[in-house]
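Worksheet: the structure to be examined is printed underneath.
In what follows, chains are A, B, ... by sequence order, proteins preceding strands, each numbered from 1.
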Amino acid sequence: MPELPEVEMCRRFLAQWGAGKRIEDVIADDDSAIRTHLSTKPSDAVPGGLNKLQDALVGQVAGEPIRLGKRLGWPIGTHGLMLHLGMTGRWRTATQAPRWGRLGLHFEGGQTAWFIDPRRFGCVALVEGSQMLELLGAGLGPDALIEPPTGGQLAAALRGKRALKVALLDQRIVAGLGNIHAVEALWRAGIHPAIPCNALTAAAADALALAIPKQLNWALQEQGGDEDLVYVTDGGDNPFAVYGKEKEPCSKCGTAIEKSVMGGRSTFWCPSCQPIS
DNA sequence: ACAGATGTTGATGT
DNA sequence: TACATCAACATCTG
């Protein structure tokens, strides 16, 4: 379920469960989640990946995981374990292998952290520790929370005439935004999602630069240290301003929220708060 | 029952 | 260049 806030929460949990602890066992029924690099493709699975992971990690002490955008890198001994949650991935502790548990890291003291990923879009990849940071950042723009770009930097990166909202999903521009928070940040900034990047004014770029970390910090607070993630689907409660609110009144002005598909993803906006020009 | 949509992201094709 | 589409997969909703 991850955009940046969920990945950051995941990082904190992994640190809590594993940092400073020795790995006693690595468990997987099916090691197809273990890939040569962070890749959504099952064909990038490492042959005999489980054995390689065991050889590299068992007996080693885990460090503090690092997050860049939606990626995590976990230094363990002389290695690094890179993690991506894909679309439905999460990490939880469990004593037994949970349903869709793809990989378990058993730490000294009895705790096992499990990578649970029903749709298998997520993965892990073992790399040399000395290479981990570089690989983690490869192809990513500045992290939306760690080094939030200024309006000027955003405007410089947002070239061409593609729709602004589509560009915000491009991790090379800014790393960490996904569909929901891109849509919500645009609402906060009062900018229509469909405007071409090159139509973004300096003032709007400044507003967007402020709205992005504001949105992500809000989401992080909503997660509130609980393991449960804030999302629309279960329970029926929708904590967002426009996402999933087609035809509902805007919380600021009461105008009906509109929806269309942009870049293949559902996009929502308030036509009054987010005028096209 | 079935079609369509769901938090990601890369590879293709027009 | 920039688009849409598909491909990985499991589940839920209308």
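Remark: A/Thr88 is not in phosphate contact with C/dA10, judged by side-chain N or O atoms under 4.0 Å from OP1 or OP2. Between A/Arg265 and the phosphate of B/dT8, there is a side-chain N or O to OP1/OP2 separation shorter than 4.0 Å. The side chain of A/His84 places an N or O atom within less than 4.0 Å of a non-bridging phosphate oxygen (OP1 or OP2) of B/dT9. Distances shorter than 4.0 Å separate none of the side-chain N or O atoms of A/Lys41 from OP1 or OP2 on C/dA8. A sub-4.0 Å separation between OP1 or OP2 of B/dT8 and a side-chain N or O of A/Gln171 is absent.
For a distance-only test at 3.5 Å, the side chain of A/Arg119 fails to qualify as a donor-acceptor partner of the base of B/dT8.
By the criterion of a centre-to-centre distance under 5.5 Å and near-parallel planes under 30°, the ring of A/Trp100 forms no stack with the base of C/dA10.
Of the P atoms belonging to C/dT1 and B/dT8, the separation is 24 Å, rounded to the nearest Å. Distance check on atom P: B/dG7 versus C/dA2 gives 24 Å, rounded to whole Å. C/dC9 and B/dA1 have their P atoms separated by 24 Å, given to the nearest Å. One P atom belongs to C/dA8, the other to B/dC2, and the distance between them is 24 Å to the nearest Å. Atom P of B/dA5 sits at a distance of 14 Å from the matching atom of C/dA4, rounded to the whole Å. One P atom belongs to C/dC6, the other to B/dA3, and the distance between them is 15 Å to the nearest Å.
A/Leu83 has its CG atom 22 Å from the P atom of B/dG7, to the nearest Å. Atom CD in A/Glu8 sits roughly 22 Å away from atom P in B/dG7 (whole-Å rounding). With rounding to whole Å, A/Leu169 atom CG is found 14 Å from B/dG10 atom C1'. One interatomic measurement links the two molecules: CD of A/Glu246 to C1' of B/dG4, which rounds to 14 Å at whole-angstrom precision. Atom CG in A/Leu38 sits about 15 Å away from atom C1' in C/dA8, given to the nearest Å. Rounded to whole Å, the distance from CD1 on A/Ile116 to P on B/dG7 is 21 Å. Spacing between atom CZ of A/Phe121 and atom C1' of B/dT9 amounts to 10 Å, rounded to whole angstrom units. Atom CG of A/Leu168 and atom C1' of C/dA2 are 16 Å apart (whole Å).
When both distances must be under 3.5 Å, the Watson-Crick or G-U wobble mate of B/dG4 is C/dC12.
Salt-bridge check for A/Arg12 with A/Glu8: passed, with a basic side-chain N closer than 4.0 Å to an acidic carboxylate O. Salt-bridge formation is detected for the pair A/Arg67/A/Asp143: a Lys NZ or Arg NE/NH1/NH2 atom is positioned less than 4.0 Å from an Asp or Glu carboxylate oxygen.
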CA sep, side-chain torsions, deciding dist, call: A/Thr112, A/Trp17, side chain to side chain contact (heavy atoms under 4.5 Å, CB included): CA-CA 8 Å; A/Thr112 305; A/Trp17 300 330; over 6 Å; no
Report the C-alpha separation of A/Leu4 and A/Leu220 in whole Å, then their side-chain angles, then the decisive distance to 0.1 Å, and conclude whether the side chain to side chain contact (heavy atoms under 4.5 Å, CB included) test is met. CA-CA 9 Å; A/Leu4 185 151; A/Leu220 212 41; 5.5 Å; no
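Ring pair A/His192/A/Trp269 is tilted by interplanar angle, where 30° to 60° counts as tilted. Relative orientation of the A/Phe107 and A/Trp74 rings is tilted, given thresholds of 30° and 60° on the angle between their planes.
As judged by a 4.0 angstrom heavy-atom cut-off over every strand, A/Gly122 is placed among residues making no nucleic acid contact. Heavy atoms of A/Ser266 sit under 4.0 angstrom from primed sugar atoms or phosphate atoms, though from no base atom. The residue A/Ala163 sits close only to the backbone: its heavy atoms come under 4.0 Å of sugar-phosphate atoms, none of a base.
In this structure, of B/dG7, C/dC3, B/dT9, it is B/dT9 that holds the atom nearest to the side chain of A/Thr40. Counting only heavy atoms from C-beta on, A/Lys161 has its side chain closest to C/dC3 among B/dT8, C/dC3, B/dA5. Nearest to the side chain of A/Glu3, among B/dT9, C/dC3, B/dG7, sits B/dG7.
Two residues, A/Arg99 and A/Arg159, neighbour DNA chain C, and the one matched to the more 5' nucleotide by heavy-atom proximity is A/Arg159.
The two residues A/Ala167 and A/Cys197 make their nearest non-hydrogen contact at CB-SG, 3.5 Å.
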